[in-house]
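Have a look at the structure below, then the notes.
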Amino acid sequence: MSEELNELIRVRREKLEAFRQAGMDPFPYKFDKTACAFDLLEKYGDLKEGEESAETVAVAGRVMTKRGHGKASFAHIQDESGKIQIYGKQDILGENAYKLYQKLDMGDIIGVEGKVFKTKTNEVTVKVEKFTLLCKSLHPLPEKWHGLQDKELRYRERYVDLIVNPDVKEVFKKRSQIVSMIRRFLEDRGFIEVETPILNVMQGGAAATPFESYHDALDMPLFMRIAPELYLKRLIVGGFEKVFELGRVFRNEGISYKHNPEYTILEIYQAYTDLYGVMKLTEEMVAAAVKAVHGKLKITFKGEEIDFTTPWQRIPLVEALKKFGGVDIAGKSEDEIRKTAKSKGIEGYEEIGIGKVINVLYDKLVEGHLRQPTFIVDYPIETSPLAKKNRDNPRLVERFEMIVAGMEIANAFSELNDPIDQRERFEKQAELKAAGDQEAESMDEDFLRALEYGLPPTGGVGFGVDRLVMLLTDQPSIRDVLFFPHMRPIKPLE
RNA sequence: GACCGGCUAGCUCAGGUGGUAGAGCAUCUGCCUUUUAAGCAGAGGGUCCUGGGUUCGAGUCCCAGGCCGGUCACCA
């Protein structure tokens with residue numbers, strides 16, 4: 001690489017040497033800051049022109065702009081809190097130090113000490129009495145007013161995106177606030193946060209294809225978890241009554257604006273309640289998060305108004321199919337439903353159970369139409385092997401999916417706690433698996449044993465945290481709420 | 001996986017019908033002690049994504065491939 005250094009990088013390396021020659025370490029060990037940009041702007045906003053702070057401040061940050069004027073020059077430095085202008089001149093620094101000061105590049109990280117004053121144009125500015133190079137930057141930053149636009153580069157080199165596009169940092173700060181707010185919400189209600197295994201011996205807890213890995217010492221395959229569900233229910237068996245886990249799950253599926261192969265799930269389990277208990281909890285928690293971020297319950301997402309005022313509408317799956325898909329399957333036979341599916345252009349599901357056909361109908365015809373927060377309820381039993389039968393109709397289960405802006409945000413059940421029923425469901429899944437369904441649940445004998453000891457009536461709900469953050473920060477793609485979304489390597493791996 | 005679009009200097013982008021590759025910012029040199037897209041004068045900087053093909057000649061046309069984005073498909 002060293003032979004191919006382009007001019008910009010070569011020049012920066014030469015400057016690095018120049019700093020060394022002058023006795024200034026280009027990569028020193030520490031700097032004692034006394035202030036940050038934002039605080040100084042606040043504190044000295046009322047300073048009069050010509051007035052100067054009594055104190056000498058020490059700030060540090062990255063050089064973002066430079067405006068040289070011969071024997072004096074302005075620059076802005078940026079720290080985590082924002083930007084502040086600095087003003088260095090030869091009279092104060094002396095000829096030698098000022099020469100070095102002029103050599104600073106955009107992107108260099110420096111520490112600056114001096115009094116604070118206000119310029120003619122009324123800008124709070126640090127008058128540099130001493131500056132220290134804290135880190136020489138060897139790679140040029142993107143251009144100062146277009147910034148970094150190329151989406152691919154923004155995702156691949158997120159560190160640059162964060163330096164030059166301040167809005168990006170705001171999105172991730174909000175993400176952090178949302179997660180922290182959720183923790184507080186749940187802890188305030190007596191839930192405890194737990195951690196369960198990510199490396200699993202078998203797949204379970206959701207319908208998804210797992211990533212497979214291998215444990216050398218044990219000489220056995222291991223799967224990256226697709227959901228923590230079955231472990232969390234074991235904890236309820238063990239006597240915890242309110243638990244949640246906030247963590248990463250991994251699904252070996254396609255990538256889209258709402259899918260990343262690894263994403264953050266929030267699963268909550270509460271003993272002695274049912275689907276309707278967690279439905280209420282879901283409404284309260286999401287509404288609280290929306291309010292915390294926006295101060296109100298009506299927000300804009302991709303130019304569309306979304307109103308989180310509770311209660312949200314509840315629509316049985318069959319009704320939703322009729323209303324949004326123009327498909328009436330009430331009282332229809334399997335053959336009739338399959339025919340209907342075919343007439344809607346849904347093919348290739350002849351071998352698959354009727355429940356799945358209905359699910360596909362729903363995904364194709366309904367989900368995209370659900371814009372306002374909606375609970376879809378009463379799912380067919382075949383596709384929900386971990387949910388309790390509907391108390392009024394044994395062909396359905398007690399389950400909801402919460403949909404906003406056409407995206408599934410949450411999925412919840414009255415948890416199935418009858419071990420005999422659960423065994424039968426697993427057996428049906430095993431048949432599907434044998435028939436080639438990679439997403440079918442595995443027979444989990446240990447989980448069944450746990451249920452035999454006794455799982456109290458329990459309501460459980462899982463959230464797609466990334467999608468919730470998308471909604472609350474008005475970001476169009478899941479990639480925009482992940483620091484490092486999955487990208488293909490530029491060169492194919494050997 | 002299918003279709004559409006993009007890929008040109010460090011960054012943001014221009015480059016009819018094929019004829020030695022351009023601008024702004026950034027960089028370098030000189031001038032400049034309150035500027036903020038600082039200014040003025042000059043200079044350097046390119047695997048035009050990759051590989052083939054057509055052609056006297058390809059950034060441009062054709063074929064294949066790569067990566068990204070979008071739409072669809074897949075996907076609780």
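Just so you know, these numbers use all the heavy atoms, side chains as well, and skip hydrogens, waters and symmetry mates. In the text below, chain A, chain B and the rest are named by the order of the sequence lines, each starting its count at 1.
The same atom, P, is picked in B:C62 and in B:G24; the two are 32 Å apart, to the nearest Å. B:G51 sits 48 Å from B:G39 when the C1' atoms are compared, rounded to a whole Å. Taking atom P on both nucleotides, B:G16 is separated from B:G1 by 34 Å, rounded to a whole Å. Between the P atoms of B:G66 and B:G22, the separation comes to 33 Å (whole Å). Taking atom C1' on both B:C11 and B:G57, the two are 32 Å apart, rounded to the nearest angstrom. Here the separation of B:G15 from B:C61, taken at their P atoms, is 13 Å to the nearest Å. Here, B:C68 and B:U54 have their C1' atoms 29 Å apart, quoted to the whole Å. Across B:C32 and B:G70, the matching C1' atoms stand 50 Å from one another, rounded to whole Å.
We find that A:R20 and A:E17 are joined by a salt bridge, their nearest charged nitrogen and carboxylate oxygen being less than 4.0 Å apart. Salt bridge A:D421/A:K389: present, at least one basic N to carboxylate O contact under 4.0 Å. Between A:R399 and A:E415 no salt bridge is recorded (no basic side-chain N to carboxylate O distance below 4.0 Å).
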Solution key, residues 477-484 of chain A side-chain donor-acceptor pairs under 3.5 Å, sequence neighbours excluded:
unit_1	atom_1	unit_2	atom_2	d
A:S477	OG	A:R479	N	3.1
A:D480	OD1	A:Y155	OH	2.8
A:D480	OD2	A:S477	N	3.4

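Contact annotation: the side chain of A:L468 approaches that of A:I182 to within less than 4.5 Å [non-hydrogen atoms, C-beta and beyond]. Under the 4.5 Å side-chain criterion, counting only non-hydrogen atoms from C-beta, A:V128 is in contact with A:Y101. Here the side chains of A:Q475 and A:V171 are in contact, with some heavy-atom distance below 4.5 Å. A:F301 places none of its side-chain heavy atoms less than 4.5 Å from the side chain of A:V404.
Side-chain nitrogen and oxygen atoms of A:K15 include at least one within less than 4.0 Å of the OP1 or OP2 phosphate oxygen of B:C28. Under 4.0 angstrom from either OP1 or OP2 of B:A26 there lies at least one side-chain N or O belonging to A:K144. A sub-4.0 Å separation between OP1 or OP2 of B:G69 and a side-chain N or O of A:R479 is present. Taking side-chain N and O atoms only, A:R488 has no distance below 4.0 Å to OP1 or OP2 of B:G66. The side chain of A:K364 places an N or O atom within less than 4.0 Å of a non-bridging phosphate oxygen (OP1 or OP2) of B:C74.
Put simply, CZ on A:R13 is 16 Å from P on B:C28, counting in whole angstrom units. The distance from atom CD of A:E401 to atom C1' of B:C75 is 12 Å, rounded to the nearest whole Å. As a whole-Å value, the separation of A:E7 CD from B:G45 P is 8 Å. Atom pair A:E367:CD and B:C75:P shows a separation of 13 Å (rounding to whole Å applied). In this structure, A:Q90 atom CD and B:C32 atom P are separated by 10 Å, rounded to whole Å. Here the P atom of nucleotide B:A37 and the NZ atom of A:K83 are 12 Å apart, to the nearest Å. Straight-line distance from the NZ atom of A:K71 to the C1' atom of B:G39: 16 Å, rounded to whole Å. Rounding to whole angstrom units, CD1 of residue A:I403 and P of B:C75 are separated by 16 Å.
Considering only side-chain atoms of A:K120, the nucleotide from B:U34, B:G69, B:A26 that sits closest is B:U34. In this structure, the nucleotide among B:A26, B:U33, B:C68 sitting nearest to the side chain of A:M487 is B:C68. With B:U34, B:U27, B:C25 as the choices, the nucleotide that has an atom nearest any side-chain atom of A:V11 turns out to be B:U27. Of the candidate nucleotides B:C75, B:U35, B:C68, B:U35 has the atom nearest to the side chain of A:R67. Closest to the A:Y87 side chain, of the nucleotides B:U27, B:A37, B:U34, is B:U34. With B:U34, B:A26, B:G24 as the candidates, the nucleotide lying closest to the side chain of A:W145 is B:G24.
To the nearest 0.5 angstrom, A:F211 atom CZ is 8.0 Å from A:M224 atom CE. With rounding to the nearest 0.5 Å, the separation of CG in A:L472 from CD1 in A:I306 is 10.5 Å. Of the inter-residue distances, the one linking A:F131 atom CZ with A:M24 atom CE reads 4.0 Å to the nearest 0.5 angstrom.
Using a 4.0 Å heavy-atom criterion, one finds that A:T119 contacts the bases of the nucleic acid, with or without backbone contacts as well. A:F400 comes within contact range of no nucleotide atom at all, as no heavy-atom separation falls under 4.0 Å. Nucleic acid contact class of A:E123 (heavy atoms, under 4.0 Å, all strands): base. The residue A:F413 sits close to a base: some heavy atom pair falls under 4.0 Å.
Comparing A:D105 and A:H76, the nucleotide of RNA chain B nearest to each residue sits closer to the 5' end for A:D105.
Remark: side-chain polar atoms of A:S256 are paired, donor with acceptor, to backbone N or O of A:H259 under 3.5 angstrom. No side-chain donor-acceptor contact under 3.5 Å links A:D105 to the backbone of A:G107.
A glycosidic torsion no more than 90° from 0 defines the syn conformation; B:G45 lies beyond that range and is anti.
Residues from residues 462-478 of chain A with heavy atoms under 4.0 angstrom of RNA chain B: there are none.
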Polar atom pairs between nucleotides 48-51 of chain B and protein, under 3.5 Å, N or O only, would you list them?
none

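Shown here are the ring pair (Phe, Tyr, Trp, His ring centres under 6.0 Å) partners of A:Y362, two or more places apart in sequence or in another chain: there are none.
Summarising the local packing, CD of A:E14 is surrounded by more than 12 heavy atoms from other residues, nucleotides or ligands at distances under 6.0 Å.
For A:Y87 and A:F74, the ring centers sit closer than 6.0 Å to each other.
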Where protein sits on nucleotides 3-15 of chain B, one letter per nucleotide: B base, S sugar-phosphate only, - none, heavy atoms under 4.0 Å:
-------BBS---

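Stems are defined here as 3 or more consecutive Watson-Crick or G-U wobble pairs with pairing distances under 3.5 Å; those involving RNA chain B are B:1-7 with B:66-72, B:10-13 with B:22-25, B:27-31 with B:39-43, B:49-53 with B:61-65.
At a cut-off of 3.5 Å, with distance as the only test, no side-chain donor of A:Y276 or A:S414 sits close to an acceptor on the other residue.
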